[in-house]
Amino acid sequence: MAYEDELSDTWCNLKEVRDIPINRMADVLFSERVKNTFSEWRDGLLRDRNGGSQLQLNSNDSKQQFQTVFFKMRPALSLAGFTSHQFRLIQMVINKHFKDLSFVRANGDDLCSQHLVVYTESKDDRGMLMKEVKDENCRVAEMKIQAAIGFRHVIDLLSAEKKLIVGHNCFLDIAHVYSKFVGPLPSAAEEFVSSVNKYFPHIVDTKILLNANHVLQQRMKKSSTSLSSAFALLCPQIAVSSKSTGLTFQQCVQVEVQVDDMRSSNWNSGAKHEAGYDAFMTGCIFVQACSYLGIDFKLHSPSENLAHNEKLCKHVNHLYLSWINGDIIDLSTGNKVAELFGTNYFKKKYLNILFENIVLIWGFPSKLKAREIRECVSKVFGPTSVTSVYHLDETAVFVQFSKPEFVSDFLLLKETLEKSDGPISVLHPLAKLLEGGNTHAGNYETYKEICSSPISKVLFANQAEAVGSKRKREAMEPKIAVESKEHSSFWEENAVNNSTKSSEKSKQGKVHNAKKDMLGGNYEIIDSLYAAEVNQIRTNNL
């Protein structure tokens, strides 16, 4: 759509330009001047067909605006220094007065457009010229489009070839690829899984493979299964300089690393977390894990799809939804995979999450890390009181206690310390956590309430602040409404009492009645002022 105009027939003069009403004297003079210029140039060509006659121009400005060139093997005038309105006038003059001249706008590979008046010998020659120009403009516009598409070509090719996609803990990576190159993320997990499987039918997660074999499980038991840790353990000959260690594993697949001369003498793994190097580490881990599964790459045919290998296929399309809980989803069916490895590996390595034991803390000083938060809390409640600390993001953490009663104790202690200005609050172990006065805390139900709000912020602390502000506004409105109702009832009750008393004393004369009417009018005025005040308060709160 961006280049629709460039591909249209209008640019190539295949459609007649509607006559522009020439009302200004400047347009009349300009049209007549260019008409004479084109006529002289064409007549010169006809007088000397052997080499073409150069147009004799009277001024330097004219020489810069009109220059004789060859375009598509035809003599032409290159036009420069004109406005878009003047180009339309030129096009109108050409169409109206010259049957053997054509106005053309051509797009070059350098993304610059060129305006020309081209001489054609016949109607057929003119038609051929226009076709050539249109084809060239289409080619240039297509190049622009292909350049703008960029990496999308790689994604489409991987999908079309049904290549085996290898990632490490890659559920979110697949979600990002989907949102950027396939379409908006579906609202339902089932729809997402089905669409991903259709676009990428073969995906394998190296984190799955690291726990797919008992030997690998034992090797990884004392080590983290993070990308860098697994790479260092399974590929030591690449992860560290070959000069510093000679460690090799019996079943390791040899990986040849090709680097430029500058880095070949000092190869190291200091580039982790860079996309290209992370992909390299993932590939190395994959081949080593395949070796442990019994896949012999020497016997593997390059034309064979590795995803169909009987030793690997049972692990294909299994991705972790949650590494902590060991939840695995099968992209082929959309179902969770239960007890994939037939062991309690995850339960042994990771403690179960007990929601009633969790305290949510947010807004603490950004310099604090999870380890420091754990130390602060453990100094108060005991060294075994905290089982784990999980970072939600840089502004919030989950602290899981060993006992549920610690949750209420922590929240009560935090509130007490914040109200106290004495030396105890300053020297208390939690003082570092409460520094700055912006630290907030709540139980897991608080976390659920904040996350269930339609308000969405990137950082949890900002999300909580936005939700809290909204609730304050909502809480003020019922209060105003109640006060307004009570006030109205008060005045209505007084009005009824006064009305009753007035009816009993109506015989006292017109003077008393006049006083009653004035008081009644006062009631109405006061009520109106109060209603206006309530409305103003409600408007300010909104």
Side-chain angles (χ1 to χ4, degrees), residues 1-22 26-58 61-145:
M1 291 175 66
Y3 298 101
E4 186 177 10
D5 288 339
E6 293 188 22
L7 299 179
S8 68
D9 294 339
T10 304
W11 292 114
C12 299
N13 198 28
L14 292 180
K15 292 182 179 179
E16 295 296 329
V17 177
R18 290 178 299 176
D19 288 347
I20 302 174
I22 302 179
D27 291 344
V28 174
L29 294 177
F30 175 82
S31 299
E32 192 64 26
R33 181 170 68 87
V34 295
K35 174 187 170 184
N36 293 335
T37 300
F38 296 142
S39 180
E40 291 176 14
W41 177 76
R42 183 197 58 182
D43 293 343
L45 291 177
L46 295 177
R47 283 195 302 269
D48 187 3
R49 286 179 173 272
N50 293 328
S53 174
Q54 292 292 332
L55 179 63
Q56 300 299 319
L57 300 172
N58 298 324
D61 292 340
S62 295
K63 290 180 181 179
Q64 293 176 358
Q65 289 182 315
F66 301 97
Q67 184 177 2
T68 301
V69 296
F70 277 89
F71 179 77
K72 304 292 182 183
M73 303 299 293
R74 299 172 180 87
L77 270 181
S78 177
L79 310 178
F82 296 103
T83 66
S84 58
H85 176 69
Q86 289 173 332
F87 277 128
R88 289 179 64 84
L89 290 174
I90 291 173
Q91 190 171 3
M92 187 187 71
V93 168
I94 294 294
N95 291 343
K96 188 173 182 179
H97 299 285
F98 300 95
K99 300 300 182 184
D100 51 0
L101 298 182
S102 300
F103 178 83
V104 167
R105 172 179 170 176
N107 294 322
D109 294 339
D110 56 358
L111 304 182
C112 295
S113 59
Q114 186 180 16
H115 297 83
L116 305 109
V117 172
V118 185
Y119 173 79
T120 53
E121 302 228 352
S122 64
K123 185 176 181 180
D124 291 340
D125 186 33
R126 181 177 180 274
M128 186 179 298
L129 170 67
M130 291 306 164
K131 184 180 183 305
E132 292 175 0
V133 172
K134 181 179 180 181
D135 291 344
E136 179 66 15
N137 285 351
C138 286
R139 185 189 67 81
V140 173
E142 183 65 24
M143 288 177 58
K144 294 179 184 178
I145 294 171

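No experiment lies behind these values; they were computed from the predicted model shown.
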Distance from Leu89 atom CG to Glu32 atom CD, nearest 0.5 Å? 12.5 Å
Any non-hydrogen side-chain atom of Tyr119 less than 4.5 Å from a side-chain atom of Phe98? no
On a heavy-atom basis, which atom in Leu129 and which in Arg74 lie closest, and how many Å separate them? CD1-NH1, 3.7 Å
Do Leu79 and Gln67 come within less than 4.5 Å of each other through their side chains, counting heavy atoms only? no
Give me the atom names and distance for the closest heavy-atom approach of Asn137 to Arg105. ND2-O, 3.2 Å
Quick one: pull up CZ in Phe71 and CD in Glu132 and give me the separation to the nearest 0.5 Å. 8.0 Å
Closest non-hydrogen contact found for Asp125 with Thr120 is OD2-CA, 3.4 Å
Heavy-atom check, side chain of Phe66 versus side chain of Val34, under 4.5 Å: yes
Rounded distance [0.5 Å steps], OG in Ser102 versus CD in Gln91: 10.5 Å
Taking all non-hydrogen atoms of both residues, which atom of Trp41 and which atom of Pro75 are closest, and how far apart? CH2-O, 3.7 Å
Candidate pair Glu136 and Lys72, rule side chain to side chain contact (heavy atoms under 4.5 Å, CB included), full reasoning: CA-CA 11 Å; Glu136 179 66 15; Lys72 304 292 182 183; 4.2 Å; yes
How about Leu116 and Leu77: do any of their side-chain heavy atoms sit closer than 4.5 Å? no
Taken to the nearest 0.5 Å, the spacing of His97 NE2 from Ser31 OG works out to 8.0 Å
Grab the two heavy atoms, one from Gly81 and one from Gln86, that are nearest each other, plus how far apart they are. O-OE1, 4.3 Å
Report yes if some heavy atom in the side chain of Lys96 is under 4.5 Å from a heavy atom in the side chain of Lys35; otherwise report no. no
Close side-chain approach of His115 to Phe103, heavy-atom, < 4.5 Å: yes
Close side-chain approach of Arg47 and Asp43, heavy atoms under 4.5 Å: yes
In Å, rounded to the nearest 0.5 Å, how long is the span from CG of Leu101 to CZ of Phe38? 8.0 Å
If every non-hydrogen atom of Val104 is compared with every non-hydrogen atom of Met130, which pair is closest and at what distance? CG2-CE, 3.8 Å
